[in-house]
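Naming convention: chains lettered A, B, ... in sequence-line order (proteins, then strands); numbering from 1 in each chain.
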Number of protein chains: 2
Amino acid sequence: MQSAVQLLADIDAEAPLELQPSLERSVNFRLRMAQILAYKSFEAKVPDHGGAARYLGLLSIICQNPGQSQIKLAEAVGLQRSSLVPILDKMEANGILERRAVDGDRRSNAVWPTDHGQAVVADLTAQALELETRTLDGLSAEETDQLLGLMDRVITNLRRG
Amino acid sequence: MQSAVQLLADIDAEAPLELQPSLERSVNFRLRMAQILAYKSFEAKVPDHGGAARYLGLLSIICQNPGQSQIKLAEAVGLQRSSLVPILDKMEANGILERRAVDGDRRSNAVWPTDHGQAVVADLTAQALELETRTLDGLSAEETDQLLGLMDRVITNLRRG
DNA sequence: ACTGGATTGATCGAAGTCGAACAATTGGAT
DNA sequence: ATCCAATTGTTCGACTTCGATCAATCCAGT
């Protein structure tokens, strides 16, 4: 059986290029490749909903934790708070979320989903689950659990890094 | 045991924000998070060598497959060929690689590493292996093999997606 | 009550990536 | 030989993210 670790060019190339053998055997390299493929796969097939598809993680957090400040949201998704501003601007303009004033702190905004935003998240989440199903095709329930558990341990290690 | 799947904010936050439960259990979400963490972890600790650290994968390919065209290199690392131009410009200016004329096709460039470029790749590859060791801390050899195998299957699935 | 440092959101410039162009070149069909 | 589509590298404008900075606001210490 051929290793799935080939370079991205292999998708439609004749003579695959090679990496240093030590990199080719690396989990980190696979992480990068899998993430790129998953990202492209998702964005390619999903209606954009005005920027929502790209930031489903963010929007999901907003729905599950309505009323958070922008700074907490930025931290939660690993963006700078300055990067979040135009993203929220766009989603607000598209009627997906609202910025509301916080009483007790006039610096802060509370970010709330609109009804439309909640519907969009539900739709996109369903499509993310479809991608998940495709991603895990052929893996048994036990193997899926193994993979999730091992990835959790890797993530814990990287956090401490 | 607590799940490693928390949002990135948890690194130094008090009250973790939550995702939709279905997303929280997802391999794709973990892929994204792990990749972000690994990327930051690597770039944070490694000397830049004039842009080489960021493009270790590319540089590794160039060393293992010297003389390739820019278009093949771009495909191999998943970049547009237009995006590769300033990257190669910079590395060429820093003496890490060369663009040589190809006899038989005057449109094409052959990209070759310099001696210095090869030394840089060796150095960076060693540091990538260190990150790999940290990433896999606590995993047995069998578990590491399991993880690599499962990720290969996931990647194969994503390719077909 | 006041002051100084911290926090929040916003703004700006720099850098990276993409996609649509473009010029030069190649190769195939006639 | 000649034309026309495809290929290669490049340039350009749009968009995204970051880091530094700013104004407004909050809060702790006095």
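- B:Thr125 pairs by the side chain to side chain contact (heavy atoms under 4.5 Å, CB included) definition with A:Gln20, A:Ser22, A:Leu23, B:Leu56, B:Val121, not counting sequence neighbours.
- Residues meeting the side chain to side chain contact (heavy atoms under 4.5 Å, CB included) test with B:Arg107, sequence neighbours left out: B:Asp105.
- Contacts of residues 98-108 of chain A with DNA chain D (heavy atom under 4.0 Å): A:Asp105, A:Arg106, A:Arg107.
- When DNA chain C is scanned in the 5' to 3' direction for atoms under 4.0 Å from non-hydrogen atoms of chain B, the outermost contacting nucleotides are C:dG16 to C:dT26.
- Every residue two or more places apart in sequence or in another chain that forms a side chain to side chain contact (heavy atoms under 4.5 Å, CB included) with B:Ser140 is listed here: B:Glu142, B:Glu143.
- Every residue two or more places apart in sequence or in another chain that forms a side chain to side chain contact (heavy atoms under 4.5 Å, CB included) with A:Ala52 is listed here: A:His49, A:Leu59, A:Ile96, A:Val120, A:Leu124.
- Applying the side chain to side chain donor-acceptor pair (under 3.5 Å) test to residues at least two apart or on different chains, the pairs with a partner in residues 50-63 of chain A are A:Tyr39-A:Arg54.
- Partners of B:Glu130 according to the side chain to side chain donor-acceptor pair (under 3.5 Å) rule, which considers only residues two or more places apart in sequence or in another chain, do not exist here.
- Annotation: side chain to side chain donor-acceptor pair (under 3.5 Å) contacts involving residues 83-94 of chain B, sequence neighbours excluded, comprise B:Asp89-B:Arg99, B:Glu92-B:Arg99.
- Taking A:Gln127 as the reference, A:Asp123 meet the side chain to side chain donor-acceptor pair (under 3.5 Å) condition, with sequence neighbours excluded.
- Using modelled atom types, one finds no donor on one side chain facing an acceptor on the other under 3.5 Å when comparing A:Asn65 with B:Glu18.
- Applying the salt bridge (charged side-chain N to carboxylate O under 4.0 Å, His left out) test to pairs two or more places apart or on separate chains, none has a residue in residues 110-120 of chain B.
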Where along nucleotides 13-23 of chain D does protein come under 4.0 Å, by heavy atom, of base (B) or sugar-phosphate alone (S), with - for untouched nucleotides? ---SSBBBB--
